[in-house]
Amino acid sequence: MSPSAWPLEPDPEELSALTARVAAFVVDQVRSLAEQPSFDLDGVEAVRESFREPRPPESAQALEAILERLRPAIAKSYNAAGPGYLAYIPGGGIYAAALAALVASAVNRYVGVTPAAPALVEIERAVTRWLCDWMGLPATAQGLLTSGGSLSNFSAVVAARHEKLGDELAGGRIYYSEETHHCVAKAARLAGFPRASLRPLPTDSRFRLLPEALENAVREDQARGLRPFLVVANVGTTNTGAIDPLDDVLRIARAQGLWVHADAAYGGFFRLAPGGEELLRGVEECDSITLDPHKGLFMPYGIGALLVRDGSTLARAHRESADYVQDVSEAGSLGFADLSPELSRDFRGLRVWLPIQLHGLAPFRAALAEKLALARWACGELRADERFEVLDEPQLSIVAFRLRGPAEQGERLGPELLRRVNERRRVFLSSTRLRGRYALRICVLSFRTHADRLRDAVSALREEARALLG
Ligand SMILES: *Cc1c(COP(=O)(O)O)cnc(C)c1O
């Protein structure tokens, strides 16, 4: 490759050559995903050490050599993109989104304020409009793409705070079940609420918020002169996929004038599957909803979403102005920068829009339906084995279970079972604690996970459980 006069601006021929090399590299990575181990950290320390460079190079390095350095760094990891990734909450990362990222970064237009790229902003608006429609929100709703569920939950707390408490935060109280994702407590603290403002509440036998507990806590706090203002309801908890009783939560919250935020980061997109509307009934009534396209829409990491029922609330909570943006802040034209803490940001809308255009929505619906079915299948298989205790019928696509037997045996053998199953490197499962006891989880959400891989997971569990328990 001939060095050009301006090395930061390779000529078109060089650009094509560089792009072709990267394309060959990533296609090779993606093609081999199913054969790659489900995780591999053997010898990662040496690879890690090789990147502790005190100074960057002053002169150019060959792309080929750079990519070769990346290869082991990618390999020595949890294979979060592969079909065996059943830990935490996977998404997989559909390839079309990577193509969109390339386009968005290469053209590098600015979408934070509408006048800077009106039609591109409209693409992202179309995406957020679709999300609102899929969740059953009215035409007055508005959405925003964020970097992930944590930031969505943060802006939701800020919007609720602004609407319900104004500038006086003292006495504000936030309610949610003990099974709620820890980023909600983080969001509340970042939004100015001390720990004493947070009211984690007990759940029922299926890990769903107990409505009586909510009702009592709100009444108690009101009697003490405090200011209940927000309930965060789960539409799919991370531990077990539990869906809080939205009808009850909405009834109690409405009677007291509380904002209801649905954390549907994991579960929301199941509304696209057949029967999904019934499954997530009530989500369409909530004041705000967090979704994570990088989970249930199989996008790569870095795409979350926040939807608000009354579209004007986000701007009221976030908008600021400054003289140097006077040329681009036309009256009545709100840009994404007015709705969120971000000003400069990537064109993340294209990473959702392009894949949906390229594939159509039908395969996404089908993949979501497949995940629900796979989790039900795995649940049935584990139930049929007397060595396992399934902790709940899957409400979505997570199966939580433990070895049957006394608690202290589970504490000892549970982690060993997990270690042995994962050590086979076909699947990667994770553990948690439920009601204080060790539990394992199978979380099916990647579009790459199919029946064959679930069969591997179940047979590995059965064989290793038999080896451990006899
Ligand atoms: C993943 C998750 C979050 C956090 O979202 P990030 O995108 O990881 O920031 C919040 N709530 C639930 C229920 C989740 O599953």
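Whatever order the structure lists ligands and atoms in, that order sets their numbers, starting from 1. What's counted below: heavy atoms across the whole structure, side chains too, no hydrogens, waters or symmetry copies.
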> Would S155 and H318 satisfy side chain to side chain donor-acceptor pair (under 3.5 Å), going step by step from the backbone distance to the final call?
Replying inline: CA-CA 8 Å; S155 273; H318 291 87; 2.9 Å; yes
>> I'd like to know whether S177 forms a side chain to side chain donor-acceptor pair (under 3.5 Å) with T203, so could you lay out the CA-CA distance, the side-chain angles of the two residues, the decisive distance to 0.1 Å, and finally the verdict.
In response: CA-CA 6 Å; S177 92; T203 56; over 6 Å; no
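Each of the atoms 15 (O) of ligand 1 lies under 4.0 Å from some heavy atom of Y266. Against a heavy-atom cut-off of under 4.0 Å, G236 is close to the following atoms of ligand 1: 13 (C). Residue I89 has at least one heavy-atom neighbour below 4.0 Å for each of these atoms of ligand 1: 15 (O). In the vicinity of A265, heavy-atom distances shorter than 4.0 Å reach the ligand 1 atoms 2 (C), 3 (C), 10 (C), 11 (N), 12 (C), 14 (C). Here is the list of ligand 1 atoms found below 4.0 Å of a heavy atom in T238: 12 (C), 13 (C), 14 (C), 15 (O). Ligand 1 places these atoms under 4.0 Å from at least one heavy atom of G148: 7 (O), 9 (O).
At a heavy-atom cutoff of 4.0 Å, ligand 1 is contacted by both the backbone and the side chain of S150.
What sits closest to atom 11 (N) of ligand 1 on the protein, heavy atoms only, is D263 OD2, 2.7 Å. Among protein heavy atoms, the minimum distance from atom 14 (C) of ligand 1 is reached at K295 NZ, 2.9 Å.
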Contacts table for residues 235-244: side-chain donor-acceptor under 3.5 angstrom, sequence neighbours left out:
from : atom 1 : to   : atom 2 : distance (Å)
T237 : OG1    : T240 : N      : 3.4
T237 : OG1    : T240 : OG1    : 3.3
T237 : OG1    : G241 : N      : 3.2
T237 : OG1    : A242 : N      : 3.0
N239 : OD1    : T432 : OG1    : 2.7
N239 : ND2    : E179 : OE1    : 2.9
D244 : OD1    : L209 : N      : 2.8
D244 : OD2    : N234 : N      : 2.7
D244 : OD2    : N234 : ND2    : 3.3

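No side-chain donor-acceptor contact under 3.5 Å links S197 to the backbone of I174. When atom types are taken as modelled, the side chain of R425 and the backbone of F39 share a donor-acceptor pair closer than 3.5 angstrom.
Considering Y85, F428, F447, F298 in turn, Y85 is the only one that fulfils the side-chain contact (heavy atoms from CB on, under 4.5 Å) rule with P90.
Taking the centre and axis of the six-membered ring of F388, the NZ or CZ atom of R404 falls outside the cone set by 45° and 6.0 Å.
Residue T237 places no N or O, backbone or side chain, under 3.5 Å from any N or O of ligand 1. Checked by distance only, ligand 1 and N153 stay at 3.5 Å or farther apart across all their nitrogen or oxygen atoms.
The nearest non-hydrogen atom to atom 6 (P) of ligand 1, considering only C183, G149, S152, P293, comes from G149.
A donor and an acceptor atom, one from each side chain of S288 and H261, are located under 3.5 Å apart.
Assignment of G267 to the shell around ligand 1 is not supported, since no heavy atom sits closer than 4.0 Å.
Ring-centre distance between F229 and Y175: not below the 6.0 Å cut-off.
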